[in-house]
Amino acid sequence: MDLLRGVWIVVGVLLLSLSLSSAGDIVHHDNIAPKRPGCENNFVLVKVPTWVNGVEDNEYVGVGARFGPTLESKEKHATNTRVVLADPPDCCSAQKKLSQGVILAHRGNCSFTAKANIAEGANASAILIINNRTELFKMVCEDDEPDVEINIPAVMLPQDVGAILENDLMNKSNVSVQLYSPLRPVVDIAEVFLWLMAVGTIIFASYWSAWSAREAAIEHDKLLKDASDDSLHMEVDRSNALVEISTTAAILFVVIASCFLVMFYKLMSFWFVEILVVLFCIGGIEGLQTCLVTLLSCFRRFKHAGESYVKVPFFGAVSYLTLAVAPFCIAFAVVWAVYRRVSFAWIGQDILGIALIITVLQIVRVPNLKVGTILLSCAFLYDIFWVFVSKWWFHESVMIVVARGDKSGEDGIPMLLKIPRLFDPWGGYSIIGFGDIIIPGLVVAFSLRYDWLANKKLRAGYFVWAMTAYGLDHVTVTND
């Protein structure tokens, strides 16, 4: 069983080093870009559905400017308006008069506000500015510009999107667009389900851990009464299956997890994410197998198979029930890995993830409140540093870059529980990192074990307060 313990320790450090609870939103607050009257909008994402020759085509995403009016938030109120190429293309000199058309212009040669003023002077209803790169850029006012009065919206488009629209227009196609920025709902049902998943996982794992600790304590008392050497040896073997976190280990967590995170950041690529998927599948297989074997062992029909063992090379003594369940668990993980990019693959990822988290919380335990406090404090500093402070050295949030799987061509790393947003017009997923469940879950599970072993009632114990604090905290962090 030493091999399995080693796998769990490695996978556990990987999971904890990838703790993440939040990502971006459609509104980007920026206190660095200059603000003044007429130039004080927040940067918002803008939906740009297109029609080519009257047929609905692709929908693109741009970003609104610091200046100009607020865009419509509902699609039904947004006007379908034809697009016209700027002439000259940079829109830095006078344009032909239009009748409520949208001007498509290139970035460069003059300020963004100058382009918007010229487009407004040509009677355009809006201006689309093509960036000179594939990413979006925040359009601001110049420092030396007077107060800005622009009455048409300006939207930045990525270079590749602008090239598509420009090519359609140069081919004499009739192109029209709508510009609107739908509001994200305050609470999406996905966030509620994600909260229930996180809280429910910790509650289940805590009760399982407390039940195991109580059974072990009862068995230990019987062994002491019997004073049998063989029985005492069996008790030692049982205790070896657990990994208790020491004070030193809690402190070293920050260092080890930080090293892993920097390694992920530097080596992030398609193949590196594939390696993480393999590691996740290994942990998920073992987690799902452990949960299923424990669950089936509660039934009388499978109890004997769960208590009968056979020696397997490299793995030691393995129960017949484990051997029977293992093929299903392996097949489940392999199918998920192969089809993980399909729309419903999040279901398999969540099943493997929850089973993995529950099993980790059975193997890794906090022995006392002192270690738990140190661990949570270190995890707090770790999150703050790699989400916010790391921007000073790396010019971007290292943890967010790693969690999103940037530079890898993949839609994020698998070490997350995720649910698609059902009523969000922007789509996407609500996510929560494994570390945000495992780390506090270790302390919550310890509190219930203590309550049970100290014979404290539920109301008088620490578990209810710890679980309440965790649930209230995650009301605000389950949004992607």
Side-chain angles (χ1 to χ4, degrees), residues 24 26-30 32-36 38-50 52 57-71 81-96 98 100-171 173 175-181 395-396 406:
I26 62 168
V27 179
H28 298 262
H29 302 280
D30 191 337
I32 299 177
K35 279 187 177 184
R36 56 179 174 275
C39 193
E40 53 191 1
N41 296 342
N42 290 321
F43 298 104
V44 298
L45 296 181
V46 179
K47 286 199 172 189
V48 187
T50 62
V52 178
D57 200 49
N58 295 322
E59 180 178 270
Y60 305 107
V61 176
V63 63
R66 179 70 94 186
F67 50 85
T70 303
L71 287 163
T81 311
R82 69 186 181 92
V83 180
V84 178
L85 278 175
D87 185 19
D90 57 12
C91 197
C92 288
S93 56
Q95 301 286 309
K96 295 180 180 179
L98 305 175
Q100 295 299 307
V102 175
I103 287 182
L104 180 67
H106 284 269
R107 177 185 175 184
N109 299 329
C110 61
S111 67
F112 295 121
T113 52
K115 296 177 188 290
N117 278 318
I118 292 171
E120 185 177 0
N123 201 33
S125 59
I127 180 170
L128 297 175
I129 300 178
I130 305 171
N131 195 14
N132 52 16
R133 297 181 180 179
T134 54
E135 63 267 15
L136 295 172
F137 183 83
K138 296 178 179 178
M139 296 184 290
V140 299
C141 303
E142 300 294 332
D143 293 333
D144 56 352
E145 285 182 325
D147 291 348
V148 178
E149 293 185 9
I150 297 176
N151 299 311
I152 63 170
V155 177
M156 171 72 73
L157 293 177
Q159 185 181 45
D160 52 348
V161 173
I164 294 173
L165 297 180
E166 188 176 28
N167 184 62
D168 288 337
L169 290 170
M170 293 181 70
N171 289 332
S173 297
V175 180
S176 60
V177 298
Q178 282 184 311
L179 303 177
Y180 67 105
S181 181
H395 306 293
E396 56 187 350
D406 293 359

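Only heavy atoms go into these numbers, but all of them, side chains included; no hydrogens, no water, no symmetry mates.
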- prompt: Is there side-chain contact between Leu104 and Ile130, with at least one heavy-atom pair below 4.5 Å?
  reply: yes
query: Does any non-hydrogen side-chain atom of Glu149 lie less than 4.5 Å from one of Phe67?
result: no
For [X], which residues count as a side chain to side chain donor-acceptor pair (under 3.5 Å) partner, sequence neighbours excluded?
| X | result |
| --- | --- |
| Gln178 | none |
| Thr50 | none |
| Asp57 | none |

Using every non-hydrogen atom in the two residues, find where [X] and [Y] come nearest and quote the distance to one decimal.
| X | Y | result |
| --- | --- | --- |
| Glu166 | Leu85 | CG-CD2, 3.7 Å |
| Val63 | Val46 | C-CG2, 4.2 Å |
| Phe43 | Gly64 | CD2-O, 3.5 Å |
| Val48 | Gly62 | CG2-N, 4.3 Å |
| Leu169 | Val84 | CD1-C, 4.5 Å |
| Cys141 | Thr113 | SG-CG2, 3.9 Å |

Return a table of donor-acceptor pairs under 3.5 angstrom between the side chains of residues 151-160 and protein atoms on other chains or two or more places apart.
residue, atom, partner, partner atom, Å
Asn151, ND2, Glu120, OE2, 3.1
Gln159, NE2, Asn132, O, 3.4

If you measure from [atom1] on [X] to [atom2] on [Y], what distance do you get to the nearest 0.5 Å?
| X | Y | atom1 | atom2 | result |
| --- | --- | --- | --- | --- |
| Leu179 | Ile127 | CG | CD1 | 11.5 Å |
| Leu71 | Leu45 | CG | CG | 11.5 Å |
| Asn131 | Arg107 | CG | CZ | 5.0 Å |
| Cys39 | Met139 | SG | CE | 10.5 Å |

Can you list everything that forms a side-chain contact (heavy atoms from CB on, under 4.5 Å) with [X]? Sequence neighbours excluded, please.
| X | result |
| --- | --- |
| Ile164 | Tyr60, Asp168 |
| Ala124 | Leu98, Ile103, Ala119 |
| Pro88 | Asp90, Ser93, Gln95 |

task: For the pair Lys115 (side chain) and Leu128 (backbone), establish whether a donor and an acceptor sit closer than 3.5 Å, ignoring hydrogens and angles.
output: no
- prompt: When you measure from the side chain of Arg66 to the backbone N and O of Asn41, does any donor-acceptor pair fall under 3.5 Å?
  reply: yes
task: Inspect cysteines Cys92 and Cys110 and report if their side-chain SG atoms are under 2.5 angstrom from one another.
output: yes
